[in-house]
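Worksheet: the structure to be examined is printed underneath.
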Protein chains: 2
Amino acid sequence: MKNTVEFRSICPVATSLDIIGDKWTLLILRDMIWGHKTLFNEFQQSPESMPSKMLANRLKKLEELGFVSKRKGNLNKKSVYYLLEKRGLDTFPIMVEMAIFSSKHFFDHLGTTYTKEARTTMKTDRQGYISELVTNYKKFKRNLVI
Amino acid sequence: MKNTVEFRSICPVATSLDIIGDKWTLLILRDMIWGHKTLFNEFQQSPESMPSKMLANRLKKLEELGFVSKRKGNLNKKSVYYLLEKRGLDTFPIMVEMAIFSSKHFFDHLGTTYTKEARTTMKTDRQGYISELVTNYKKFKRNLVI
DNA sequence: TTTTTTTAGTTTCATTTAGAAACTTATATT
DNA sequence: AATATAAGTTTCTAAATGAAACTAAAAAAA
């Protein structure tokens, strides 16, 4: 098992794909940003049912790359909290573009209900939407009692 | 080998990952948009050296999904031209965000030279940058003699 | 016209990665 | 003391990747 990222070229798109180009990595960050999830078993509850082996593997990689940090609970010593760092938050614009793309082109497959206005907000005030969610996350992180 | 995309959930981010969440798919689209590449062997020349099996597999998938179209050459009957359709062009904003992300966070790895001003243009006039490249591609496609 | 080259793939096979499921270890709760 | 919970790890099978050799049709060269 490899533990360092291999860069295939100096292309910025390829470089991003070398890091986040798989089916699971971004879903963890999605759950952190949109769902304020922090615990291993919270990530497991997501509708995509990430296998625990994959989850452990990707959390480790995300930590090594400085996307997230890991904190052992003080109150409950069995809990391990994963929190977003700046680098992790900076993947958010990529995910927003992904959301805009798939709700435009794969609309049928996504639930009509939540797609309609969510997409409108993202498109009409993309930067504002991003900023607000980032601000919210930071507040959540500040107030979190571990 | 599977030939239909399986959607794991109705999350718009997950849905995009189900389609473009791998190390090769977007690189083909990158070469089409930025490099105006159209032929099988042109894609093979890219610095990431995509294996021909992967390339054939991904081109087929991209065609099935309506991201690209395939045209047999008139002039040279042995050439097969791959061209971007609207759906393929619409992945461009995702790639731009990827480029902004990796040139910000993995600067050391990318060549200093081309990173500096390319990133400035993308950030300061993101929408303009996107529109121009899309316009350029459309012009290229219109004028292409097959 | 025969030979060689080019283009666009396909096939084969070894290696790597993914994923399901059962298991483990430390801590917490009853 | 017994049971449950959280966060993983291990094991094993299936699927995807990738290197390399191969193929078929068309074009160019000899």
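Sequence lines set the chain letters: A, B, ... in the order given, protein chains first and strands last, and positions in each chain run from 1. Keep in mind that what you see is a predicted model, and the values were worked out from it rather than measured.
- At whole-Å resolution of the value, CG in B:N41 and P in C:dT5 are 17 Å apart.
- In this structure, A:D18 atom CG and D:dT17 atom P are separated by 14 Å, rounded to whole Å.
- When side chains are defined from C-beta on, A:R87 does not count as touching A:D90, because their heavy atoms never get closer than 4.5 Å.
- Taking only side-chain nitrogens and oxygens, A:W24 comes nearer than 4.0 Å to OP1 or OP2 of C:dG19.
- Across the protein-nucleic acid pair, A:D22 atom CG and C:dT16 atom C1' stand 14 Å apart, rounded to whole Å.
- The distance between atom CG of A:N57 and atom P of D:dA7, rounded to the nearest whole Å, is 17 Å.
- Looking at heavy-atom distances under 4.0 Å, A:L39 makes contact with sugar-phosphate atoms alone, never a base.
- Remark: P of D:dA7 and CD1 of A:I146 are 12 Å apart, rounded to the nearest angstrom.
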Could you list, one pair per line, each protein nitrogen or oxygen that sits under 3.5 Å from a nitrogen or oxygen of nucleotides 1-3 of chain C, together with the distance?
none

Walk along nucleotides 19-30 of chain D from 5' to 3' and tag each nucleotide B, S or - by protein heavy-atom contact under 4.0 Å, base first, then sugar-phosphate. B------BS---
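- Here ring pair (Phe, Tyr, Trp, His ring centres under 6.0 Å) pairs that include residues 55-104 of chain B, with residues two or more places apart or in two chains, are A:F67-B:F101, A:F101-B:F67, B:W34-B:F92, B:F101-B:H105.
- Map B:K70 and A:K23 each onto its nearest nucleotide of DNA chain C; the residue landing nearer the 5' end is B:K70.
- Side-chain proximity of A:A56 to C:dT10, D:dG8, D:dA6: nearest is D:dG8.
- Between the side chain of A:Y137 and the backbone N or O of A:L89, no donor-acceptor pair lies under 3.5 Å.
- With D:dA6, C:dG9, C:dA18 as the candidates, the nucleotide lying closest to the side chain of A:R58 is C:dA18.
- Among the atoms of the strands shown, only primed sugar atoms or phosphate atoms (P, OP1, OP2) are found under 4.0 Å from some heavy atom of A:Y82.
- Evaluation of the side-chain hydrogen bond (donor to acceptor under 3.5 Å, both in side chains) test over residues 35-48 of chain A, restricted to residues two or more places apart or in two chains, returns A:R30-A:E48, A:D31-A:S46, A:K37-A:S46, A:T38-A:E42, A:E48-B:S9.
- For the pair A:F43 CZ and D:dA7 P, the interatomic distance rounds to 10 Å; values are reported in whole Å.
- B:M50 places none of its side-chain heavy atoms less than 4.5 Å from the side chain of A:R8.
- Remark: B:K141 engages B:E85 in a salt bridge (charged side-chain N to carboxylate O under 4.0 Å, His left out) (not counting sequence neighbours).
- Under the side-chain hydrogen bond (donor to acceptor under 3.5 Å, both in side chains) criterion, no residue pair touches residues 70-80 of chain A, with sequence neighbours excluded.
- Following rounding to the nearest Å, A:Q44 (CD) and C:dA22 (C1') show an atom-to-atom distance of 14 Å.
- Using a 4.5 Å heavy-atom cutoff, the side chains of B:S52 and B:F40 are in contact.
- Computed from coordinates, the B:K72 NZ to C:dT7 C1' distance equals 12 Å when rounded to whole Å.
- Side-chain atoms of A:S16 do not come within 3.5 Å of backbone N or O of A:V13 as any donor-acceptor pair.
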